[in-house]
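Note that the coordinates shown come from a computational prediction; the quantities given were computed from them, not determined experimentally. These values consider heavy atoms only, across backbone and side chains, with no hydrogens, waters or symmetry-generated copies.
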Amino acid sequence: MASLWSILIKWSYPELFVAFACLFYFGYLRRRDGALPNWPILGMLPSLAFNIHRVHDWLVDVFRKTGCTFMFNGPWFTHMDILCTCDPANVHHILSTNFSDFPKGPSFSKIFDVLGGGIFNSDSESWRIQRKMAHSLISSKRFGAFVARTSQEKVDKGLVHVLKHIIKQGQVPFAKAMDDAMEAVAFRHAMPESWWMVLKRLKIGKEKKLAEAWKIIDHFINQHVSIRREELYKSRTNVGENDCEEGGDLLTAYINYQPGDELAILNSAKFLRDTTVNLMLAGRDTTSAALTWFFWVVSMNPEVETKILRELKATSPKLREGWHGKLKVFDAEELSQLVYLHAALCESLRLFPPVPFEHKSVFQRQVLPTGYKICIVSQQ
């Protein structure tokens, strides 16, 4: 029997064109009643590529047409088949009741390699230890006081000056590096691993920008870790460890943390670098995105704004007398009493989550509450 390749060689160009046109045509018709055409060879990747500039809105449209869950079929032989779901029952099953059965997996670490071995890339025991450590430090009263103090200082003295500086400079190198790195990571999600790995080896396209951004990120963080270590050493040498003022910031807390019999890497330079990158990523774009959406939602609902202002005035005696054109900065204790504001923030986060995607893998075959089956297709 002749091979497929020898048969194709014998065909004329018009015949080949008609054959491939038919393949694409019937591949489209096969999914015409659904949300995505599943093309031969390329799978559903063309649809993603054409909509990557509006991926959030596009996914919402697809979820509406598929009933909140669908299988994304990637190009043949790329192991890029992904089950996508926003069904509440499935989400609760994956992220809550069966959390340990759905790790991030090795492919996640490859995509987010710029984050190193920090909490975002960790699974199992390493993730548990880092989460426990981060939670204890972030929930401490000292860190809470530090956040309240620095936030008020930034609003009072720094925000306007920083904005003016950024406008004059056009960009901040570290901020741009973080943006470039996250853009490259997002690009990796829309490509088979073997494809972007080639770009990485060749150092072209988004992977070239990621490599350059990686160097800037490492330089910035290592510099600040070194400066902070030196400051701590000098302060302890001069006035004694118990008397020195160490601020309460997380970097100081991590440097001073005593790991005991936990992970051996906790005091290493790499761990401090990876943890700093992870925490900066966690608080950087997420906070700005959450606040942006919150103020937009409030601006679209005047009655909500009125209720928030009414609650603020009831909390502060000075505001009940009128604003008088002065800036009022609330402290943490005052904000903890604002029930309606808290509810409004939570609703904004529900409608527009700062982290809208969650990448998960599986240890073994799983069946979701809605009946969809998940199988392990690769052990990469």
Closer than 4.0 angstrom, basic N to acidic O: yes or no for [X] and [Y]?
X      : Y      : answer
Lys65  : Asp61  : no
Glu231 : Arg228 : yes
Arg188 : Glu207 : yes

Worksheet item: Remaining members of Trp296's ILVMFWY cluster at a side-chain heavy-atom cut-off under 4.5 Å?
Response: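 Members alongside Trp296: Trp293, Val297, Met300, Leu351, Phe352.
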Discussion item. For a 4.5 angstrom cut-off between non-hydrogen side-chain atoms, does Leu341 reach Phe294?
Written reply: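 Leu341 vs Phe294: side chains touch.
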Discussion item. Side chains of Leu59 and Phe72, heavy atoms from C-beta outward: is any pair under 4.5 Å?
Written reply: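 Of all side-chain heavy-atom pairs linking Phe72 with Leu59, none is under 4.5 Å.
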Worksheet entry | Distance, nearest 0.5 Å, that separates OG of Ser109 from NZ of Lys104 |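 Going from OG on Ser109 over to NZ on Lys104, the span is 8.0 Å.
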Worksheet item: Got a second to check how far Lys206's NZ is from Asp180's CG, nearest 0.5 Å?
Response: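 It is 8.5 Å, given to the nearest 0.5 Å.
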Within the distance-only criterion (no hydrogens, no angle test), does the side chain of [X] pair as donor or acceptor with the backbone N or O of [Y] below 3.5 angstrom?
X      : Y      : result
Asn278 : Phe120 : yes
Thr275 : Phe271 : yes
Ser126 : Ser122 : no
Gln366 : Ile374 : no

Worksheet entry | In one Ile/Leu/Val/Met/Phe/Trp/Tyr side-chain cluster, 4.5 Å: Leu345, Val339 |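 No, no single cluster joins them.
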Item to complete: Could I get the full list of ring-ring contact (aromatic ring centres under 6.0 Å, His included) partners for His56, not counting sequence neighbours?
Response: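 So His56 forms a ring-ring contact (aromatic ring centres under 6.0 Å, His included) with Phe357.
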Worksheet item: Who pairs with Phe99 by ring-ring contact (aromatic ring centres under 6.0 Å, His included), at least two apart in sequence or on another chain?
Response: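 Expected list: Trp127.
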Item to complete: Write out all pairs satisfying salt bridge (Lys or Arg N to Asp or Glu O under 4.0 Å) with one or both partners inside residues 278-307, taking only residues at least two apart or from two chains.
Response: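 Counting only pairs at least two positions apart or across chains, the salt bridge (Lys or Arg N to Asp or Glu O under 4.0 Å) contacts touching residues 278-307 are Asp179-Arg284.
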Worksheet item: Does a sphere of radius 6.0 Å around NE2 in His342 hold more than 12 heavy atoms from other residues, nucleotides or ligands, not counting ones at 6.0 Å or beyond?
Response: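 For His342, atom NE2 is not crowded (no more than 12 foreign heavy atoms under 6.0 Å).
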Discussion item. Show me the pairs that pass side chain to side chain donor-acceptor pair (under 3.5 Å) and involve residues 212-221, at least two apart or across chains.
Written reply: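 Residue pairs with at least one partner in residues 212-221: Trp214-Asp218, Asp218-Arg273.
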[X] versus [Y], closest heavy-atom pair with distance:
X      : Y      : value
Ile255 : Val225 : CD1-O, 4.5 Å
His224 : Leu251 : O-CD2, 4.1 Å
Glu193 : Ser107 : OE1-CB, 4.3 Å

Practice prompt. Kindly indicate, with the supporting measurements, whether the criterion side-chain contact (heavy atoms from CB on, under 4.5 Å) is fulfilled by His189 and His359.
Written response: CA-CA 10 Å; His189 280 86; His359 182 150; 3.3 Å; yes
Fill in: Between Thr315 and Gln337, a side-chain donor and acceptor under 3.5 Å
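No, no side-chain donor-acceptor contact under 3.5 Å.
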Worksheet item: Are side-chain N/O atoms of Asn90 and Thr370 paired as donor and acceptor at under 3.5 Å?
Response: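 Judged by distance alone, the side chains do pair up.
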Worksheet item: Taking only residues two or more places apart in sequence or in another chain, which ones pass side-chain hydrogen bond (donor to acceptor under 3.5 Å, both in side chains) with Asn51?
Response: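 With sequence neighbours excluded, Asn51 shows a side-chain hydrogen bond (donor to acceptor under 3.5 Å, both in side chains) to Arg54, given in chain and number order.
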Worksheet item: Less than 6.0 Å separating the ring centroids of Phe70 and Phe63?
Response: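 Yes, they do, as the ring centres are separated by less than 6.0 Å.
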